[in-house]
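The next block holds one structure in the form of structure tokens; read it before the comments.
What you see below is based on every heavy atom in this structure, not just the backbone, and it leaves out hydrogens, waters and symmetry mates. Residue numbering restarts at 1 for every chain, and letters A, B, ... go by the order of the sequence lines.
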Amino acid sequence: MHVLGRARRHAVLWSVQFAYMAEYRAEIALWALSGVVPFIMLAIWQSAPLPGLGLDGPMLGRYFLSAFVVRQFTVVWVVWQFEEDTIQGRLSPYLLQPLHPLWRYVAAHQAEQATRLPFVMLIIATFFLLQPAALAFPSPPRLLLGVLAVGLAFAINFLLQSLIACLCFWSERATALERLLMIPTLFLSGLVAPLQAFPPGLARLALKTPFPYLIAFPAQLLSGDPLPVEGGFTVVGGFLAMALWIAVLLPLLSLLWRAGVRRYGAMGA
Amino acid sequence: MVVWLLAPLRDLRRHLVSLRRFWGTSLASQLEYQFNAFIELLAMVGNLAGSLLVLWLFDRQGVPLGGWSWAGALVVLGAYTVLTGFTSCLLQPNLSRIVTHVQEGTLDFVLLKPIDSQFWLSLRTVSAAGVPEMVLGVVLMVGAALQERGSLNPAAVLLMAAMLMAAALTLYALWFVLATTSIWFVKTWNATEVLRAVLTAGRYPVAAFPPALRTLFTLVLPVAFLTTVPAEALLERATAPWIGGSVAVACGALAISRAFWQLALRFYTSASS
Amino acid sequence: MAIVTAQGLRKSFRVAAKDPGLAGTLRHLLRRRWQDVEAVRQVSFQIEPGEVVGFLGGNGAGKTTTLKLLSGLIHPTGGVLEVAGCQPWRRQRRFLEAITLVMGQKQQLIWDLPPLDSLRVNAAVYGIDDSEARRRIAELADMLELGEELTRPVRKLSLGQRMKAELMAALLHRPRVLFLDEPTLGLDVNAQARVRRFLADYNQRTGATVLLTSHYMADITALCPRVLLIHQGALFYDGGLDTLRERLAPWRQVRLELAEPVPAERLAPYGEVERLDGAAAWLLIGRDRVPACLNRLLADLPVLDLEVNEPPIEELIGRLFQQGFLEEPPA
């Protein structure tokens with residue numbers, strides 16, 4: 001019963017958020033477009049093929065298309081929203097409601113992703129029209145794994161960004177830190193360069209961070225092409241690493257959130 | 001004496017907590033702005049390092065990007081860095097405010113001033129945040145050009161400065177047109193994000209792209225004129241059509257931004273409540 | 001020669017409508033329904049130089065839209081409009097230098113800087129030279145009782161101080177026509193009174209014309225001998241405040257303290273029974289019938305105490321806005 005109540009609450013929250021997001025569909029279409037970076041990088045990678053990369057033109061195409069799709073469904077803007085809510089004083093009423101405020105943001109993100117879906121489909125279709133050679137779909141089990149990986153990547157990114165959002169309790173300018181987090185998210189995640197192109201040492205180092213799991217791993221699953229033999233992920237290893245990151249970040253967030261709320265209360269906001 | 005010295009130890013926990021509170025609050029209040037500047041610097045260094053990494057991935061395998069050497073590509077990256085700095089100095093602080101003006105209705109105050117509203121909105125504030133980036137960009141351009149050519153021709157430096165100026169004006173016009181659309185759509189933050197994302201193509205010489213994109217980046221989105229042309233000017237490779245084109249694009253973009261603002265104002269004044 | 005002339009002024013907007021819920025959202029996505037909203041309809045009035053006019057109406061009655069039309073921020077859909085000899089929407093320099101608009105809920109001062117910096121910006125924008133600007137700032141600061149607050153960041157000022165600084169910024173260029181939209185919004189009673197005094201004083205000294213909207217009737221009664229009433233975009237009264245009071249309340253409220261509770265039926269013949277509370281009763285009695293009724297009341301009923309009240313104008317106008325029209329005075 002409790003679980004059902006929670007599910008219903010989430011469904012209502014989600015539908016309201018969807019209405020809100022739908023009002024901003026033009027915005028969201030533009031936002032989807034602002035993820036063009038993988039396509040720009042694809043153009044460069046296809047024009048200057050590296051020897052020994054193990055990815056031919058169509059494979060590069062599928063990889064960067066998948067990276068684009070993964071990015072679309074893992075974008076997180078909780079820091080920005082949370083900062084706004086704190087400044088505008090909307091947080092206090094949220095804290096009084098019998099629902100963890102972060103759930104509200106999760107619902108908002110999911111609603112926004114649903115609004116994005118048609119635009120992303122459109123962009124995928126356009127891509128295959130422009131690069132028919134790259135046209136290939138992953139096998140159903142692979143697709144399923146890919147979708148699961150995208151969900152987990154969203155979870156990791158959401159947890160990471162929420163950690164920074166929690167800093168809003170202490171500093172008014174936590175968005176500045178989010179800018180810093182964007183840099184490794186851009187360069188180490190595989191969004192601008194496939195990890196196979198990294199020198200082995202750097203690739204190993206990147207794999208020790210959560211960033212490749214945000215883009216590269218789900219993208220390689222979605223692309224449907226075989227995972228690289230060396231210096232890359234295995235399916236099991238990748239999912240284990242993602243689970244590990246979630247297991248580390250979740251308690252950390254919970255601690256930081258509680259400390260933050262305590263401080264927020266102490267400041268008499 | 002000993003007892004007096006050790007008094008804090010009696011209640012160690014409370015003293016440690018207080019100390020943390022003291023330092024925490026004083027740091028928070030002092031560092032609010034310095035901290036921001038520090039983050040800006042870090043972000044700048046991080047972004048540049050990331051861009052260098054991508055260029056290096058090609059260079060270490062001996063693959064030239066669109067026929068540009070490592071040093072040549074660095075000159076382009078330098079031009080890109082200068083323009084990013086310019087964006088943080090002037091475009092970002094001013095033009096992002098247009099959206100706020102529209103949302104909060106304070107655009108009314110601007111419109112009631114006996115002064116050109118586009119002038120007011122474009123140049124109202126300036127931020128120092130982008131200055132280090134502009135300096136770093138120039139240093140990178142000059143250093144890489146020296147590495148490429150051994151010496152610098154003053155005429156080439158002047159021409160580069162002129163081309164960068166044209167690029168800055170073009171960039172301004174693009175941003176301004178986008179910011180202007182906030183009069184219809186209110187929230188246009190995302191449109192500027194699209195512009196930003198597309199402009200990241202300017203990190204690389206336009207020749208590194210396939211022909212279709214090259215045409216797009218020249219004729220539709222003037223990415224080529226923003227970074228490649230100034231870099232070519234410094235490397236003494238710029239040809240007259242490109243130089244003329246750069247100036248023409250800047251003038252045209254400015255004229256368009258002006259006309260578009262007039263149009264937006266006509267709409268605003270006939271439709272807003 | 002009137003300084004503000006509006007004739008048959010009209011303004012309509014198109015707005016999108018959406019039903020609530022997911023289905024409504026989806027339908028809205030596919031096809032937007034548009035509605036034309038008449039914000040201002042056929043409004044005509046004239047204001048002479050130096051007049052102080054109150055502009056009253058409920059929320060959404062069209063006050064702000066009219067002020068925006070008058071200050072040139074929006075185009076009229078129809079009608080004739082002239083302010084300070086110009087057509088406002090053309091926003092010529094001559095016009096902009098002659099008017100000012102103060103909006104209580106919006107501010108033009110730069111949040112992080114002292115008001116003095118914003119004032120300097122405005123002086124430059126209006127082409128006032130430095131010594132003249134200093135003189136005017138000193139004069140206005142004196143009238144508004146502002147001192148070192150001018151050198152403190154705006155965000156550190158109280159709401160009242162901020163509003164006074166806003167007025168300074170709005171009046172630095174000595175406009176001849178002042179459009180004030182809720183200038184006392186959110187201020188405490190003292191600050192409201194000070195702003196009011198200042199406006200009266202400013203009007204006296206400079207002969208500037210003032211058109212003022214306010215939710216606080218005290219602003220209107222203190223400042224405006226003449227009021228314009230607007231409801232759903234249409235003007236339905238233009239005249240003196242006193243005349244309005246007489247027309248609105250052709251009755252007096254009589255409070256009776258009786259020796260014992262009396263049923264309403266026994267009181268009804270004397271006047272309309274507004275309220276009964278034990279031995280206390282409130283009656284509404286026509287103005288010209290008051291003396292005769294009181295005589296009969298005192299004779300017929302065990303009256304211990306009696307009080308005749310003029311109804312408060314706030315209440316009258318509130319009732320009027322719900323009603324949305326004014327009955328013609330009985331011939």
Would you mind checking which part of Val121(C) comes under 4.5 Å of any heavy atom in chain B, side chain (CB onward), backbone (N, CA, C, O), both or neither? side chain
Could you please spell out the steps behind the side chain to side chain contact (heavy atoms under 4.5 Å, CB included) verdict for Lys113(B) and Gln108(C)? CA-CA 11 Å; Lys113(B) 295 278 185 292; Gln108(C) 61 166 323; 2.8 Å; yes
Tell me if the CZ atom of Arg97(B) is crowded by more than 12 foreign heavy atoms within 6.0 Å. no
Hey, are the side chains of Ile74(C) and Tyr268(B) touching, using non-hydrogen atoms and a 4.5 Å cut-off? no
Max heavy-atom pair count under 4.5 Å with chain C, selected residue of Leu111(B), Leu112(B), Thr106(B), Leu107(B): Leu112(B)
Nearest heavy-atom neighbours spanning Phe109(B) and Gln107(C): CE1-C, 3.6 Å
For Pro114(B), the option from Arg93(C), Gln92(C), His173(C), Arg94(C) that meets side-chain contact (heavy atoms from CB on, under 4.5 Å): Arg93(C)
Okay, Ile99(C) and chain B: the region with an atom under 4.5 Å from a heavy atom over there is side chain
